[in-house]
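First the structure, in the form of structure tokens, and then the observations on it.
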Amino acid sequence: MTQYNDTQPVTSNEQTPIVTVNNTPDNEPATLWLIDDDAALRLVLADTFEDAGLTVISFTQAQAAWTRLNDILQASETAALLPDVILTDIRMPMMDGLSFSDWVHQHFPKLPIVIMTAHSDLTSAISSYQTGAFEYLPKPFDLDDAVATIYKAINYQPNLVVSNHSIESNTNISTDIVSVATVKPNVKERPISKPNAAKSARKTPKSAESNAQEKPKPQTNNNPSGIIGQSQAMQTVFRAIGRLAHSPITVLITGESGTGKELVASALHQHSPRKNKTFIALNMAAIPHDLIESELFGHEKGAFTGATTTRQGRFEQADGGTLFLDEIGDMPFSTQTRLLRVLANGEFFRVGGQQPVKVDVRIIAATHQNLEELVKQGKFREDLFYRLNVIRMPLPPLRTRPEDIPALANHFMRRAAKQMNSAEKELHPTVLQVMQSFEWRGNVRQLENVCLWLTVMATGYTVMIDDLPPELRENSAATLENQQSISSEYMTENNHLQSQQAAGTQSWQQALAVWAKHSLQAGATDILQTATPEFERVLLTAALHHSGGKKTAAANLLGWGRNTLTRKLQQLDLSSYQE
Ligand SMILES: Nc1ncnc2c1ncn2[C@@H]1O[C@H](COP(=O)(O)OP(=O)(O)OP(=O)(O)O)[C@@H](O)[C@H]1O
């Protein structure tokens, strides 16, 4: 690993063997430039990517990488010194990762950049993609995912074609978000051998991650779209919005009622080049069937009884902007035919009109229904379905992402207080627990309504379980009962273990199993991340004791190389063993 603190290269003593890139004419390892001012994270990532067969050059700040790239720019014969991919943090002193990515994209448009950020919100995703970044990784991320992303970036070719998501059959329709980027087929790919691929799921280290999260939020990050969510599922949604906002492509948003389909559609519009034009949202289920055509396409004077003047439809009103067609599954069959024509050539006739009208409208459709099923039942045109289903964006139900509930609930309590012009009430932690275990059949909308209800109805400043509406109170009984049974099981198990311990019969695996079980019951989600360093710390300390502090001998005992042991001592903060 090579490290640059400013513009001065520093070569480390690392002797980790570099694995060459396979199947490349020059058989050279791909080079990754890693930019992060967090030393711990840099070490872990460098270690990981070197293990994955890459040559890693580390920079403590973007400015240093910028200087080197600028040198390369000035002297074109040194272009061979360019990396294959850059991985950079956003928040750094002097030059931030977004400005750096923007500059790199302007001067080296073929060089893929992956951006890491501790701010896993929509604004960060959008900003990253707007600078031309290949991908963005919200922290903490899984190290294996990071390696996979870097591999993809290395094989990435910038002359992207948009892959239309065409479905093979009605029964085989992916519900995943479809990537809009595909690699050009005629370009050389760089598969990389991955000797340590079998490593277990790993995440960015906690210390590095929490340091990153302590950094102040960027000033630009005021979440103008109002979409809240930290869960992995919402990160996928943010990533998709970031990628799709700038494209005119049709998007089909699916998800249960109240999951935020309209909010996402509006975010796609707000972050698109159409943002200064109109965004019109229409709910197909809310308009009487016989009025839908004139609502959408307008009508000529005298087209039907009551049509006393010529009237523009929503398509004309949204020209240059975005038309959001909610509950598209409820659109009458005859209107579907007309919509298909607009999607095909941007033209339509007003009701009773003879002259075609041409418009430039981006369509975003949404449904809570199973459109494939409607196609099978003959209620929805198959060709229209294919047209709309170019990119599908599924929104997860709230009950599958309880980790998003505290932030959403607090946001809605703040909003409700403003709406009601009253003092903001605080939700007691047990109330949040009950909310997190509730089903939320009406999804985020239901949570929003409950918060409004609590703002009006709860008596004190702090909302307690007794203040909850009946459906949640019933749920709270079940939640508390469940907690009690867990804790009594814990007591029994603990007593059993205590007697085992007294008899000296408890194995370390048993102790670990109990610890894991209770951590999970307490709601922990990253137990491998917590346990792995502890596991390594115990073995490392034992080996060093056994070897009388001799590091090479201790490394042998552990089956590690001496450099790995040195690095681990640093990572695990075992400084007393440092020479
Ligand atoms: N992730 C989120 N962050 C903040 N607010 C949200 C989020 N998701 C949904 N909401 C809020 O929940 C309410 C319902 O959202 P929205 O109307 O977009 O849902 P929908 O899926 O379109 O519902 P329907 O299918 O019933 O039309 C809105 O007030 C919206 O602002």
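What you see is a predicted model, and the numbers here were worked out from it, not measured in a lab. Atoms within a ligand are numbered from 1 in the order they appear, just like the ligands themselves.
For ligand 1, one of its N or O atoms has an N or O atom of Asp326 under 3.5 Å away. Considering backbone and side-chain N/O atoms, Val444 never comes within less than 3.5 Å of an N/O atom of ligand 1. Considering backbone and side-chain atoms together, Gly260 places an N or O closer than 3.5 Å to an N or O of ligand 1. Residue Leu408 places no N or O, backbone or side chain, under 3.5 Å from any N or O of ligand 1.
Contacts of His368 with ligand 1, taken as heavy-atom pairs under 4.0 Å, are absent altogether. Within the 4.0 Å heavy-atom criterion, neither part of Asn283 lies near ligand 1. Neither the backbone nor the side chain of Val264 has a heavy atom within less than 4.0 Å of ligand 1. Contacts between Phe324 and ligand 1 below 4.0 angstrom, taking non-hydrogen atoms only, are absent altogether.
Side-chain contact of Glu424 with Tyr461: a donor-acceptor pair under 3.5 Å is absent, judged by distance alone. Side-chain contact, Thr259 with Asn443: no donor N or O sits under 3.5 Å from an acceptor N or O. Using a 3.5 Å distance cut-off with no hydrogens or angles, the side chains of Glu262 and Ser266 do not pair a donor with an acceptor.
Residue contacts with ligand 1 include Gly226, since one or more of its heavy atoms lies under 4.0 Å from the ligand. Using a non-hydrogen distance threshold of 4.0 Å, Gly258 registers as a contact of ligand 1.
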### Message
Show, in sequence, the C-alpha distance, side-chain angles and deciding distance for Thr236 and Gln232, and conclude whether the side-chain hydrogen bond (donor to acceptor under 3.5 Å, both in side chains) test is met.
### Response
CA-CA 6 Å; Thr236 310; Gln232 282 303 320; 5.5 Å; no
### Message
Please determine whether side-chain hydrogen bond (donor to acceptor under 3.5 Å, both in side chains) holds for the pair Thr337 and Arg381, giving the CA-CA distance in whole Å, both sets of side-chain angles, and the decisive distance to 0.1 Å.
### Response
CA-CA 8 Å; Thr337 311; Arg381 287 188 65 123; 3.0 Å; yes
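The side chain to side chain contact (heavy atoms under 4.5 Å, CB included) with Leu343 is formed by just one residue from the set Asp383, Val390, Leu384; it is Leu384. Residue Glu256 is tested with Arg441, Lys261, Arg399 for a side-chain hydrogen bond (donor to acceptor under 3.5 Å, both in side chains); the sole match is Arg399.
Note: Trp440 and Phe438 have perpendicular aromatic rings, judged against thresholds of 30 and 60 degrees for the angle between ring planes. In this structure, Phe304 and His299 have perpendicular ring planes: the angle between them is above 60°, well past the 30° mark.
The line from CE of Met92 to OG of Ser99 is 9.0 Å long, rounded to the nearest 0.5 Å.
The contact set between ligand 1 and Ile227, taken as ligand atoms under 4.0 Å from a residue heavy atom, comprises 1 (N), 3 (N). If you number the atoms of ligand 1 from 1 as listed, the ones under 4.0 Å from a heavy atom of Glu327 come out as 25 (O).
Distance from atom 25 (O) of ligand 1 to its nearest protein heavy atom, with residue and atom name: Lys261 NZ, 2.7 Å. The closest protein non-hydrogen atom to atom 7 (C) of ligand 1 is Leu263 CD2, 3.5 Å. Of all protein heavy atoms, the one closest to atom 26 (O) of ligand 1 is Ser257 OG, 2.6 Å. With respect to atom 3 (N) of ligand 1, the closest heavy atom belonging to the protein is Ile228 N, 2.9 Å. Nearest to atom 22 (O) of ligand 1 among the protein's heavy atoms is Glu262 N, 3.0 Å. Taking atom 28 (C) of ligand 1 as the reference point, the nearest protein heavy-atom neighbour is Glu448 OE1, 3.5 Å. Nearest protein heavy-atom contact of atom 17 (O) of ligand 1 is Arg445 NH2, 3.1 Å.
Looking at Glu295 and Arg314, a side-chain N of the basic residue comes within less than 4.0 Å of a carboxylate O on the acidic one, giving a salt bridge.
By the 6.0 Å and 45° rule, Arg338 stacks over the aromatic ring of Phe297.
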